[in-house]
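For reference, the structure discussed in these notes is given below.
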Amino acid sequence: MFVLYEEDGAFKAGTILADNDATLQVENTHGKRVKLKRANVLLEFRDPGPSDLLARAEAAADELDIEFLWEVCGDEEFAYADFAAEYQGHTPTAVESAAILLRLHSAPIWFHRKGKGRFRKAPADILQAALAGLEKKRQQAAAIEHMRTELVAGRLPAELAALLPQALYRPDRNRPEIKALEAACVNSGLSAARLLLKCGALASSYDFHYNRFLFQNFPEGPDFPAFEPPVTPADLPRAEVAAFSIDDASTTEIDDAFSVTPRPEGGWRIGIHIAAPALGFARGSGLDAIARRRLSTVYMPGNKITMLPDEVVQGFTLAEGRDCPAVSLYLDVTPGLAIVAEHSRVEMVPIVANLRHHDIEPVFNDETVHTGLADFPWKQELSLLWDLATVLEAGRGKAGGNEDRIDFGFSVDWNIDTADGPGHVSISRRLRGSPMDKLVAELMIYANMTWGKLLDASGIPGLYRAQGGGKVRMTTVAAPHEGLGVDCYAWSSSPLRRYVDLVNQWQIISVLQGTPPAFAPKSADLMAALRDFELTYAEYAEFQRGMERYWCLRWLRQHGRGEVEATVLRENVVRLTEVPLVFRVPSMPLQLPGSRVRLHVEHTDLLDVEVEARFVAILAEPEARDFSEAGFGFA
């Protein structure tokens, strides 16, 4: 005698070795002996053998039409054996009974299990919903397979193109498009970014990095929403000065300018003029909401995302040939460069020149200011401001020798295509702390310090940069900045580019014009703006550093650099000589910091922004006195 029984969700057959009424000793088709409760036995038979039964029953089950079985079945619960007898019209054989059992069991959508060997047909509405679900899954599986095939073949499916940013930067793995992408990544052995780059979804590796930043920080895109145009300040007095700015050639947000006017009693009146967008719109306006959302201009090689719309920037930038609204700080200076008086006011300032670094630096540099300046426009003004800057620097206790730190400037020509996509990068070098740098920096420090003191003395809150114990922080309370050597420092000189400066300008104007401040003392909104600015400004700076690193790799590939020179910073960390790229060289033996080494670039990865290099040789070791200087910085 043989039996058919269910074990662990599968049907098995075996030979009865012993019948103990309530239990059976059975040997299955694999020779394993099991103890069964008689209640678990679904069918007892004598013919055919156990193995033959299962094989023949499975073949017969495959030929049964499940839809027909559902139609001829009654609505009540039933035992499979009874249904088999009814279906066959005679006492079914063991194979016929087992075939019915296997077919019913294999179709849980059509027949619901109600116990061992017992079933009930699914209600029509539930069946139709289940079949629709199955069809949907079938179609989805077919769509996933189609998209996977397209991706592996290097073609971008239209369905995936519609949600490209989400697929790259925040994939929802429940979506069929993402399932297809992940399957294609497994099949191709590529990451999602590399596969989509191969499929043409990204124009270049640059788009991958730039679009990720936009996705995380500008989900609605970098374009500005509609806004009310700023008002044009009226009835402002016109300053009797001839002001000029000093900026890089690419600067469009010209925030600051200077003027030098002789005083009848001797000496000069030095003017520090800051663009005044705070006069064009108030706190709570649409433009304020835009600036509050962005908090700063985002800088990166070859591109930038401005804090304010271009129309607003162009309306308030200190452009040559215009009278521009400005907040001015005037310093009365004696022939000996002692500051004897200072005052601030809001006014219209005539801008007569926008001087650019590349035009001025050849004739006004570290060498010429010490050996004698040749004649050129603005020679006297720049010479005087340089002398005053030197005095101001010494007054802060920061006077010292010339800087030996290098600044690197990035420019990208987007009209040139390269093997890595649009954009030909140029990286220039210049010594930090040039006369122009020091001139502008010292006058800005003095203005930010002076206006910070003005707010503090007036009881009007502002946003300050403070440093104590080596830690720099933002605060709403005037506090010393030890690194700069000033009693307080309120960022106020870049209101077109930083929200902190715009906030401080509103506050400064309220003091100068005697109007209520935009932010009252202990303002919760002011503290919230401070916190948000710190986080956002740090994130923007990190992005800028990351993109500078990316363009350094593009520069290496663009110039086909194999061997390069570098300076050891510490252990196996080096910085290249020609570009500000810092990375590790695991193969390099331990070197003294400051050593110059030769490396061979083995591989660069523009998506992971990584470089692999092999140590070649030591070029020079530092002198003992230079060890502490080995970590001099880079921009």
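- For the residue pair S250/D248, the side-chain donor-acceptor check at 3.5 Å is satisfied.
- In this structure, D487 and H481 have side chains that are not in contact, with every pair of non-hydrogen atoms separated by 4.5 Å or more.
- Remark: E578 does not engage R429 in a salt bridge, criterion side-chain N to carboxylate O under 4.0 Å.
- The local environment of CD in Q216 is crowded, with over 12 non-hydrogen atoms from other residues, nucleotides or ligands closer than 6.0 Å.
- Side-chain contact between V574 and V582 is absent, with no heavy atoms from C-beta onward closer than 4.5 Å.
- Using a 4.5 Å heavy-atom cutoff, the side chains of T297 and L308 are not in contact.
- Taking the six-membered ring where tryptophan is involved, the planes of Y540 and F213 are perpendicular, since the angle between them exceeds 60° and thus also 30°.
- Looking only at atom types and distance, the side chain of S344 has a donor-acceptor partner in the side chain of W451 under 3.5 Å away.
- In this structure, F376 and L382 have side chains that are in contact, with non-hydrogen atoms separated by less than 4.5 Å.
- Classification of R396 and E442 as a salt-bridged pair holds, one side-chain N sitting under 4.0 Å from a carboxylate O.
- No side-chain heavy atom of P461 sits less than 4.5 Å from a side-chain heavy atom of L455.
- Cation-pi geometry between R293 and F218 is satisfied (NZ or CZ under 6.0 Å from the ring centre, within 45° of the ring normal).
- A heavy-atom distance below 4.5 Å is found between the side chains of L581 and R549.
- Here Y550 and W555 keep their ring centres 6.0 angstrom or further from each other.
- For the residue pair T317 and E253, no side-chain donor N or O sits within less than 3.5 Å of a side-chain acceptor on the partner.
- Side-chain contact, D437 with S434: a donor N or O sits under 3.5 Å from an acceptor N or O.
- Both the sub-6.0 Å distance and the 45° axial angle are not jointly satisfied by R294 relative to the ring of Y499.
- Judged by the 6.0 Å distance and 45° axis criteria, R498 is positioned over the aromatic ring of W491.
- For an aromatic pair to be called close, the ring centres must be under 6.0 Å apart, and F244 with H273 fails this.
- Between Q467 and Y489, the side chains place no donor N or O within less than 3.5 Å of an acceptor N or O (distance only, hydrogens not considered).
- Counting only heavy atoms from C-beta outward, the side chains of V312 and F227 approach each other to under 4.5 Å.
- Summarising the geometry of D501 relative to S492, their closest heavy-atom pair is OD2-N, 3.3 Å, with the distance given to 0.1 Å.
- Aromatic ring pairs are classed by plane angle as parallel below 30°, tilted from 30° to 60° and perpendicular above 60°; the pair F281 and W506 is perpendicular.
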